[in-house]
Amino acid sequence: MAGPFRTLTSIGPKDHGAQATLGGWVEDVRNLGGIAFLIVRQRAGTFQATVKKKSDEDLFNRASKVVRESVVAVRGTIQRNPEVRNGWELVAAAIDVLSPAAVPLPLPVADKVGADMDTRFDNRTLDLRKPGVRAIFRIRSIVTSALRSYLAGQEFVEVHTPKLAGAGAEGGATLFTTDYFGRKAYLSQSPQLYKQMLMSTGLDRVYEIAPAFRAEPSDTVRHVTEFTSFDAEVAWIERQEDFFPFLEGAIAHAVERVRSEAKAELEALQVTLKEVRIPFRRLDYSEALELLRGRGKRLRAGDDIDTEAEKLLGAAMQEQGHEIYFLTGYPTAIKPFYVMADAEEPDVSYSFDLEYKGDEMASGGQREHRYDVLLAKMKEKGLNPENFEFYLKAFRYGMPPHGGWGFGLDRFVQKLLDLPNIREAILFPRDRTRLVP
RNA sequence: GCCCCGGUGGUCUAGCGGUCUAUGAUCCCGGCCUGUCGAGCCGGGUGCUCGGGUUCGAAUCCCGACCGGGGCGCCA
């Protein structure tokens with residue numbers, strides 16, 4: 001099927017002499033006096049349209065005046081030419097400006113100067129015209145596709161839980177509120193409660209890739225107020241390690257797919273991806289404290305691992321060849337009510353964080369499925385069970401043992417591609433100050 | 001929320017009390033050029049975030065506001 005517009009990738013020197021119409025954004029106009037070149041950008045790269053003054057002076061004059069970044073359709077003859085970058089050029093017979101670009105551009109697209117992040121996000125659609133910026137989102141798409149196909153192969157069901165909620169997940173401090181026909185509603189900060197509820201139904205392996213909202217006024221390169229969470233929950237486990245292979249497999253598969261399917265994008269970003277070896281290293285909390293002590297950082301048993309400690313551990317693991325590792329056995333006291341405590345040592349919980357290049361990618365663990373214990377822990381954490389009746393109901397009539405994780409997709413893409421800021425991995429990021437575009 | 005740093009043409013920057021009628025690049029406009037591909041050459045164009053203060057004199061120093069970048073806390 002030959003549409004009116006040909007893609008650059010469908011054309012080569014073999015088409016020598018053929019008529020074609022190509023569309024794109026004019027990246028540059030070079031008028032050399034008697035000959036002019038339009039460098040036109042498409043999804044996959046650029047092609048050159050050539051106009052000679054002596055063959056069509058009117059066309060030559062109009063071509064020379066096209067404003068950069070305008071959308072044009074160029075009709076002409078494909079001419080083989082080894083001197084040209086693609087090995088061919090389009091000798092133009094007609095050039096239509098389908099949509100002119102205004103002057104000046106608020107952001108340089110193909111210029112030799114950069115732009116600040118703020119300027120770029122204010123003009124994100126122009127920013128995304130740059131091949132390196134777009135490459136991030138082609139890769140992100142491969143990642144989500146790989147996660148889905150891997151888990152589908154493990155008999156997971158993809159689910160979608162509500163993002164408007166009448167009660168918070170684990171408290172209330174970090175929730176955005178909104179008006180719901182005169183009632184107070186919240187934007188979901190996590191699918192945690194819902195995916196657990198599903199474990200009581202027979203949909204015993206579920207995952208969800210969806211937005212989560214946090215009203216934390218965080219101001220860092222790894223926090224945004226709206227992020228994409230890759231959550232999963234697995235029932236019929238005996239210990240949390242039983243579901244680790246699913247997370248490991250999904251990540252390894254995603255990296256492999258990116259390595260094989262995004263070679264051009266990785267090159268545009270100047271990123272080399274190493275193969276991910278599974279299983280990942282498991283580092284126990286107490287082992288981590290000892291390791292930190294050896295590096296001059298003293299934490300008392302029960303303390304949370306702060307950012308400095310996290311970076312130190314990351315460096316230590318990296319030295320041992322572990323770019324990615326599980327940090328297991330966090331103190332029960334610093335974990336939410338739904339995590340299960342160790343049967344032998346109740347101060348230690350069946351929980352973990354997944355660390356990647358010094359940053360937290362995921363956290364999860366085995367959940368408390370015993371109704372009475374769950375209820376007691378909820379009260380212990382100062383939560384009112386009445387607000388969670390809808391959730392507790394799922395535990396009252398038979399809940400299998402289960403566990404799962406929440407994994408930050410944006411953060412993963414950031415670290416995978418060594419991006420300096422999580423916002424780079426999000427098309428239209430939302431942070432403390434940015435709500436537009 | 002706290003701490004550090006910063007706001008100069010459309011964009012990215014130099015300057016950090018007078019000689020700033022503000023640097024350079026990119027961009028835009030005009031001119032030259034028939035093979036450019038980071039095109040080249042010549043000429044021109046646009047700017048000190050805002051409000052107070054210090055000073056003979058402020059882009060430059062001080063205070064405040066607003067905006068931005070980074071760190072911490074929190075976490076995905």
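Letters A, B, ... mirror the listed sequences (proteins, then strands); counts begin at 1.
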Whole-Å distance separating the [atom1] atom of [X] from the [atom2] atom of [N]:
| X | N | atom1 | atom2 | value |
| --- | --- | --- | --- | --- |
| A:Glu424 | B:G69 | CD | P | 11 Å |
| A:Lys195 | B:A76 | NZ | C1' | 11 Å |
| A:Met117 | B:C67 | CE | C1' | 13 Å |
| A:Asp127 | B:U11 | CG | C1' | 13 Å |
| A:Trp405 | B:A76 | CH2 | C1' | 14 Å |
| A:Asp231 | B:A76 | CG | C1' | 9 Å |
| A:Leu247 | B:A76 | CG | C1' | 12 Å |
| A:Asp116 | B:U49 | CG | P | 14 Å |

With a 3.5 angstrom cut-off on both distances, give the Watson-Crick or G-U wobble partner of [N], or none if there isn't one.
| N | answer |
| --- | --- |
| B:G43 | B:C29 |
| B:G68 | B:C5 |
| B:A14 | none |
| B:G35 | none |

Practice item. Using a cut-off of strictly less than 4.0 Å, decide whether A:Ser363 has a side-chain nitrogen or oxygen near OP1 or OP2 of B:A76. Key: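 Checking B:A76 against A:Ser363, a side-chain N or O does come within under 4.0 Å of OP1 or OP2.
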Exercise for review: Tell me whether the OP1 or OP2 atom of B:C12 has a side-chain N or O from A:Thr119 closer than 4.0 Å.
Suggested key: yes
With rounding to the closest Å, how many angstrom separate the [atom1] atoms on [N] and [M]?
| N | M | atom1 | answer |
| --- | --- | --- | --- |
| B:C12 | B:G69 | P | 12 Å |
| B:C63 | B:A25 | P | 36 Å |
| B:C20 | B:G15 | P | 15 Å |
| B:U60 | B:G7 | C1' | 14 Å |
| B:C16 | B:G52 | P | 27 Å |
| B:U54 | B:A58 | P | 12 Å |
| B:C33 | B:G70 | C1' | 48 Å |
| B:C28 | B:G64 | P | 42 Å |

Check your understanding: Would you call A:Phe227 stacked on B:A76, i.e. ring centres under 5.5 Å apart with the planes less than 30° off parallel?
Key -> yes
Practice item. Work out which heavy atom in A:Lys53 is nearest to a heavy atom in A:Gly33; give both atom names and the distance. Key: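 Heavy-atom minimum between the residues: CD-O, 3.6 Å.
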Practice item. For A:Leu313 and A:Leu283, work out which heavy atoms get closest and say how close. Key: CD2-CD2, 4.1 Å
Is the closest basic N to carboxylate O distance between [X] and [Y] below 4.0 Å?
| X | Y | result |
| --- | --- | --- |
| A:Glu256 | A:Arg259 | yes |
| A:Arg129 | A:Glu69 | yes |
| A:Glu208 | A:Lys163 | yes |

Review point. Quick one: which of A:Tyr325, A:Tyr330, A:Phe326 gives a ring pair (Phe, Tyr, Trp, His ring centres under 6.0 Å) with A:Phe352?
Key: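 Of all the options given, the one that passes is A:Phe326.
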So [X], base contact, sugar-phosphate only, or nothing? Heavy-atom distance under 4.0 Å.
| X | value |
| --- | --- |
| A:Asp219 | base |
| A:Asn421 | sugar-phosphate |
| A:Glu355 | nothing |
| A:Val221 | sugar-phosphate |
| A:Thr220 | base |
| A:Asp122 | nothing |

Check your understanding: So A:Phe47 and A:Trp88, would you call those rings parallel, tilted or perpendicular, with 30° and 60° as cut-offs?
Key -> parallel
Practice item. Can you label the angle between the A:Phe388 ring and the A:Tyr391 ring as parallel, tilted or perpendicular, going by 30° and 60°? Key: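 The arrangement is perpendicular - the two ring planes meet at more than 60°.
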Practice item. Check if the side chain of A:Ser218 and the base of B:C75 share a donor-acceptor pair of N or O atoms closer than 3.5 Å. Key: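 Result: no qualifying N/O pair found.
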Revision key, fill the gap. Between A:Gly406 and A:Arg432, whichever has its closest RNA chain B nucleotide further toward 5' is A:Arg432
Review point. Can A:Glu89 and A:Gln48 be counted as having a side-chain donor-acceptor contact under 3.5 angstrom?
Key: yes
Check your understanding: Taking the side chain of A:Thr307 as its heavy atoms from C-beta onward, which of B:G73, B:C75, B:U13 lies nearest to it?
Key -> B:G73
Study note, to complete from the structure: Nucleotide by nucleotide, nucleotides 25-37 of chain B touches protein heavy atoms under 4.0 Å in the pattern (B base, S sugar-phosphate only, - none) BSSS----BBBBB
N/O donor to acceptor pairs below 3.5 angstrom from side-chain atoms of residues 242-252 of chain A, sequence neighbours left out:
{"residue": "A:Asp242", "atom": "OD2", "partner": "A:Glu238", "partner atom": "N", "Å": "2.7"}
{"residue": "A:Asp242", "atom": "OD2", "partner": "A:Arg239", "partner atom": "N", "Å": "3.2"}
{"residue": "A:Glu248", "atom": "OE2", "partner": "A:Phe280", "partner atom": "N", "Å": "2.7"}
{"residue": "A:Glu248", "atom": "OE2", "partner": "A:Arg282", "partner atom": "NH1", "Å": "2.6"}

